[in-house]
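What follows is a short report on a single structure.
For this chain, numbers begin at 1 and follow the sequence in order.
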Amino acid sequence: MIVRQGLVIGVPLLIASIIQVTLLSRLGLPGATPDLVVVTVIAVALAMGPGQGAFAGFLAGIIIDVSPPSDTVIGVNSIVYLAIGFVAGYIVDKRDLTVIVMIAVGGLACAAASLGTAVVDSLLGSPRVLWDSVPLITLTSAVYGAVLARAVVPLMQWLTRKLAPEVLLEG
């Protein structure tokens, strides 16, 4: 059971991080890079609950922190993504998940990830945070997250139903 849940969480996160680093970061879209990893974290949280969402967030943060071209202190993304995964899974009930809620949570989570990473980096003394560009990055990240959530959250719910149905019985 635990191994299946680990695979259902880990494989999509690994695929999402590879797509984000190799493809989405090179699209040249205005503002932020679409954050498929954060959307996958909230998809796990919405499908499986706050514990698995927090685990997915921590794992995703570590993957992004060590993936090139990461320029943040190792652990910053893990802290931010862990919080986002837990909060998304805790606040939204699986039974009340509608398209509007899914889009809103995706947008808010991506905005929170951008803003949270900037705040934590600044608190750690990182000179890479340009506060003039943070509002645009946060806004575009929210828009991209809302669009991605519409596709990723239902896919994660389907994957959970097929490969880890015991999680649905727990919640």
Which pair of heavy atoms, one from [X] and one from [Y], lies closest together, and at what distance?
X	Y	answer
A88	V105	CB-CG1, 4.3 Å
S17	V37	CA-CG2, 3.6 Å
A56	I9	CB-CG2, 3.7 Å
I42	G106	CD1-CA, 3.6 Å
S67	V21	CB-CG2, 4.1 Å
V38	A113	CG2-CB, 3.7 Å

Do [X] and [Y] land in one hydrophobic cluster if side-chain heavy atoms of ILVMFWY residues count as linked below 4.5 Å?
X	Y	result
I84	V73	yes
L159	M48	yes
V39	I18	no
V119	L136	no
I91	V153	yes

Can you measure from [atom1] ([X]) to [atom2] ([Y]) and round to the nearest 0.5 angstrom?
X	Y	atom1	atom2	result
L24	Y144	CG	OH	10.5 Å
L82	L59	CG	CG	11.0 Å
L14	I63	CG	CD1	5.5 Å
S25	I19	OG	CD1	11.5 Å
C110	I137	SG	CD1	12.5 Å

Under the 3.5 angstrom rule, does the side chain of [X] hit a backbone N or O of [Y] as a donor-acceptor pair?
X	Y	value
T117	S114	no
Q20	L36	yes
T40	A16	no
R128	A118	no
N77	I64	no
S78	I62	yes
T138	V134	yes
T140	A32	yes
Q52	A45	no

Atom CG of L123: over 12 foreign heavy atoms under 6.0 Å: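 More than 12 heavy atoms, drawn from other residues, nucleotides or ligands, come within 6.0 Å of this atom.
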Taking the side chain as everything from C-beta on, heavy atoms only, tell me whether [X] gets closer than 4.5 Å to [Y].
X	Y	value
L46	M156	no
V92	D96	no
P34	L148	yes

Let's go through D93 and L97 carefully: what are the C-alpha distance in whole Å and the side-chain angles of both, what is the deciding distance for side-chain contact (heavy atoms from CB on, under 4.5 Å) to 0.1 Å, and is it a yes or a no? CA-CA 7 Å; D93 188 356; L97 193 61; over 6 Å; no
Verdict with reasoning, D35 to Y81, per side-chain contact (heavy atoms from CB on, under 4.5 Å): CA-CA 11 Å; D35 205 338; Y81 293 3; 3.6 Å; yes
